4 protein chains.
Amino acid sequence: MSKENISAREGDTTDSVIATPPEKALRADAQKNRDKLLDVAHRVFRTEGISVSMDEIARRAGVGVGTVYRHFPTKEDLFGAVIVSHKARLIEEANQLLDHDDPGDAFFYYFARIIREGIANKAITDAIVSSLNINTGRSEVARNFWRGIDNLLARAQHSGSVRADARIEDIKVLLIGILQATGESGNFPDRVVSILIDGLRG
Amino acid sequence: MSKENISAREGDTTDSVIATPPEKALRADAQKNRDKLLDVAHRVFRTEGISVSMDEIARRAGVGVGTVYRHFPTKEDLFGAVIVSHKARLIEEANQLLDHDDPGDAFFYYFARIIREGIANKAITDAIVSSLNINTGRSEVARNFWRGIDNLLARAQHSGSVRADARIEDIKVLLIGILQATGESGNFPDRVVSILIDGLRG
Amino acid sequence: MSKENISAREGDTTDSVIATPPEKALRADAQKNRDKLLDVAHRVFRTEGISVSMDEIARRAGVGVGTVYRHFPTKEDLFGAVIVSHKARLIEEANQLLDHDDPGDAFFYYFARIIREGIANKAITDAIVSSLNINTGRSEVARNFWRGIDNLLARAQHSGSVRADARIEDIKVLLIGILQATGESGNFPDRVVSILIDGLRG
Amino acid sequence: MSKENISAREGDTTDSVIATPPEKALRADAQKNRDKLLDVAHRVFRTEGISVSMDEIARRAGVGVGTVYRHFPTKEDLFGAVIVSHKARLIEEANQLLDHDDPGDAFFYYFARIIREGIANKAITDAIVSSLNINTGRSEVARNFWRGIDNLLARAQHSGSVRADARIEDIKVLLIGILQATGESGNFPDRVVSILIDGLRG
DNA sequence: TATGAATGAGTTTTCATTCAT
DNA sequence: AATGAATGAAAACTCATTCAT
């Protein structure tokens with residue numbers, strides 16, 4: 001598997017999916033704060049894990065805690081929002097990969113892609129990991145995220161590149177597992193990914 | 001991989017290694033409390049993870065916190081004690097598997113075995129996970145645990161049953177990953193294990 | 001020794017040094033709480049010593065423990081704050097006494113002054129006592145405090161009013177000793193001070 | 001002041017006064033435990049201060065905590081007992097000094113003697129220090145201890161060697177003060193004692 | 001009588017969440 | 001709307017004292 005034979009969209013960060021806030025439109029300054037908070041939360045959750053205090057997040061975002069709570073009534077909500085924004089980006093990428101010539105390459109590339117993203121950004125790992133819990137998908141985005149992979153998987157299986165018995169749940173487990181296990185190191189685990197992909201081949 | 005062609009010791013729980021309490025013999029009542037505490041800690045760590053408070057453990061064991069601390073001076077100590085008893089059992093099993101006829105079967109069986117144990121007991125998962133971080137192995141038991149797998153791995157690679165480029169670190173990542181990923185479900189992830197094992201074959 | 005021939009500032013409590021709160025201006029309510037806390041801590045440390053719990057201080061101040069910790073992240077910090085305010089006042093006074101006409105009177109007055117302060121406030125005693133142990137002076141304030149006395153001592157010795165062999169360490173011991181010994185009583189020990197001063201005369 | 005011109009009884013440790021336990025006669029083994037406990041408590045209070053736990057004392061004495069509490073119903077009681085045994089020895093010495101030729105020497109020697117003892121043995125310091133609190137003397141021994149000094153003081157004042165206005169309370173404060181202040185150092189504070197004695201001269 | 005296991009209130013400190021300014 | 005001060009329920013751990021063995 002190589003991502004070279006794929007029209008890679010490395011820096012593609014069109015947040016079109018995130019842009020839609022839950023409720024009504026926010027005032028400009030409120031939206032700015034919300035973005036700032038998500039941005040800070042991303043960085044902070046990535047480096048420190050979910051254990052950072054809300055005060056710390058508020059401090060780094062340069063706002064009061066009250067403001068954090070205005071936007072995210074619960075710490076879990078903030079964390080969830082971080083998850084969502086990351087997933088949105090990846091969902092888009094999955095959709096584009098559906099058009100790729102080689103279904104096997106597309107799937108394996110995406111599989112490795114997610115791991116790569118997660119390694120480089122603990123927030124994504126957290127996002128994916130926690131999306132297991134919200135399993136059936138409390139959020140639309142979480143559902144879409146896994147559906148994106150599922151589509152690539154189905155196509156790859158249909159083409160015979162991926163073993164027929166693999167299910168999306170298994171992919172979930174593999175991804176979540178490897179992401180959590182390598183989360184701290186920061187290095188892409190080539191051999192391990194290679195093992196997983198070989199195990200997945202049809 | 002099939003565990004059937006192995007003199008399986010599924011229920012084998014000979015705790016010969018664990019049975020030896022650290023110090024001298026305890027008074028009857030103290031021993032009863034210590035056992036009760038370990039028992040409660042097992043169950044509680046398994047279901048709720050290590051986040052349970054010592055007060056909660058004391059409450060469920062029907063003793064005062066002071067008693068918990070008399071037996072286990074630190075929460076880490078209590079957690080460690082729970083872990084050690086499990087690991088000790090697994091280590092013993094690994095050593096016995098070194099004598100098995102088919103090195104490949106032995107390794108793959110043990111690989112699955114650990115996952116099975118971890119699935120059944122969150123404490124084991126936590127233990128294995130934390131032993132990765134302390135990498136070189138602060139504790140003798142942790143070192144022995146990984147050494148046991150490494151021995152089986154080397155033998156299986158030598159016989160050609162496992163791919164030559166796999167290293168013990170990769171096995172760690174795979175185990176830790178899958179254990180964390182499936183920890184909540186409680187079911188043995190047959191297909192996922194099959195994928196991993198296929199990916200590991202020589 | 002007589003403090004009468006000195007422009008005595010018995011009640012002089014110009015807190016010019018203390019008056020400046022550490023950081024920025026606090027919100028009205030926060031400042032009120034901070035003041036209340038310092039006030040309570042003063043009284044409580046004075047009467048009960050530093051063994052009082054933070055909960056107790058919070059309770060007496062009519063605030064939650066969290067509030068105490070917001071203002072003083074550590075018990076030591078709270079204690080330190082109480083102390084600093086007292087020492088700051090005494091340091092200033094020592095500096096002013098350096099200008100006094102009679103070096104002997106100045107020294108003896110200050111010597112008695114400190115005792116008087118310590119008698120009236122157990123926190124000061126504790127502070128002075130603890131500043132002995134940290135000998136070289138962990139805190140700037142502690143160093144300045146003793147330097148203030150040392151300056152007065154040197155001047156008095158040079159003028160022949162105080163025995164030449166006395167060293168600042170001796171003064172420390174005498175002050176600390178008498179403060180601790182009379183701490184509980186609450187009365188100024190006239191005769192004892194007189195004895196000490198006679199023993200110190202040149 | 002010199003102790004050389006006095007028939008010094010440096011090692012004199014006849015505990016005749018202590019030997020009388022509060023209640024009835026104890027069984028031999030019980031008495032042995034009581035002695036052991038006092039011995040340990042002496043050493044331990046001296047070096048660690050009153051903050052040592054009862055468990056620690058029991059451990060060092062090689063008995064169970066229960067035994068400690070059988071002999072001393074309260075930690076305070078144990079501490080009190082330590083105090084008493086030390087005072088008893090000093091009381092005897094004071095009584096013998098009443099026969100000394102030079103009343104001034106006798107008093108000053110005893111004064112220094114107590115300091116010396118206290119410096120060498122924090123338990124004594126604690127004993128004397130805490131006897132201030134039990135002021136009027138909850139215990140007979142405490143009363144006798146101070147009466148011993150008072151007798152020496154009166155005789156010295158009558159002979160004109162000690163200033164007439166000094167009272168036993170002042171001596172208390174001076175002793176307690178210097179003992180507490182130099183307690184940690186372990187060195188006899190020559191200059192400070194010299195200052196005190198000069199201040200006390202008639 | 002001795003032992004040491006058990007107790008549990010109390011200690012310092014943290015942090016998600018609420019609410020007055 | 002934003003702020004950040006206040007809250008108080010934990011959490012881990014200690015230790016004087018009691019009591020079953």
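Each chain gets a letter, A, B and so on, in the order its sequence line appears, and its residues count up from 1. Being a predicted model, the structure only gives us computed values, none of them experimental.
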Round to the nearest Å and state the distance from [X] atom [atom1] to [N] atom [atom2].
X     : N      : atom1 : atom2 : result
A:K36 : F:dA1  : NZ    : P     : 21 Å
A:R59 : F:dT3  : CZ    : C1'   : 16 Å
D:L78 : F:dA16 : CG    : P     : 11 Å
D:L37 : E:dG4  : CG    : P     : 13 Å
C:I57 : E:dT11 : CD1   : C1'   : 12 Å

Can you measure from CG (C:L78) to CZ (C:R34) and round to the nearest 0.5 angstrom? 9.0 Å
What's the separation between atom CE in D:M54 and atom OH in D:Y69, rounded to the nearest 0.5 Å? 4.0 Å
Would you say the side chain of A:R70 and the base of F:dA2 hold a donor-acceptor pair, judged only by whether the two atoms sit under 3.5 Å apart? no
Could you work out, with salt bridge (charged side-chain N to carboxylate O under 4.0 Å, His left out) as the rule, every residue matching B:D77, not counting sequence neighbours? none
Watson-Crick and G-U pairing of DNA chain E, under 3.5 Å, as dot-bracket with | and [ ]: .||||||||||||||||||||
Could you tell me if the side chain of A:T74 sits less than 4.5 Å from the side chain of A:F79, heavy atoms only? no
Residue pair D:H71 / D:N33, side-chain heavy-atom distance below 4.5 Å: yes
What does nucleotides 12-21 of chain E look like as a protein-contact string, B for base, S for sugar-phosphate only, - for none, at under 4.0 angstrom between heavy atoms? BBB-SBB---
For C:V52, does its backbone N or O pair with a side-chain atom of C:K75 as donor and acceptor, under 3.5 Å? yes
Sequence neighbours left out, what passes side chain to side chain donor-acceptor pair (under 3.5 Å) with D:D55? Give chain and number order. none
Check side-chain contact (heavy atoms from CB on, under 4.5 Å) between C:K32 and all other residues, then give those that pass, not counting sequence neighbours. none
By side-chain contact (heavy atoms from CB on, under 4.5 Å), which residues pair with C:R59, not counting sequence neighbours? C:E56
Taking only N and O in the side chain of A:N33, is any of them less than 4.0 Å away from OP1 or OP2 of F:dA1? no
Between C:T67 and F:dA5, is there a contact of a side-chain N or O with OP1 or OP2 at under 4.0 Å? no
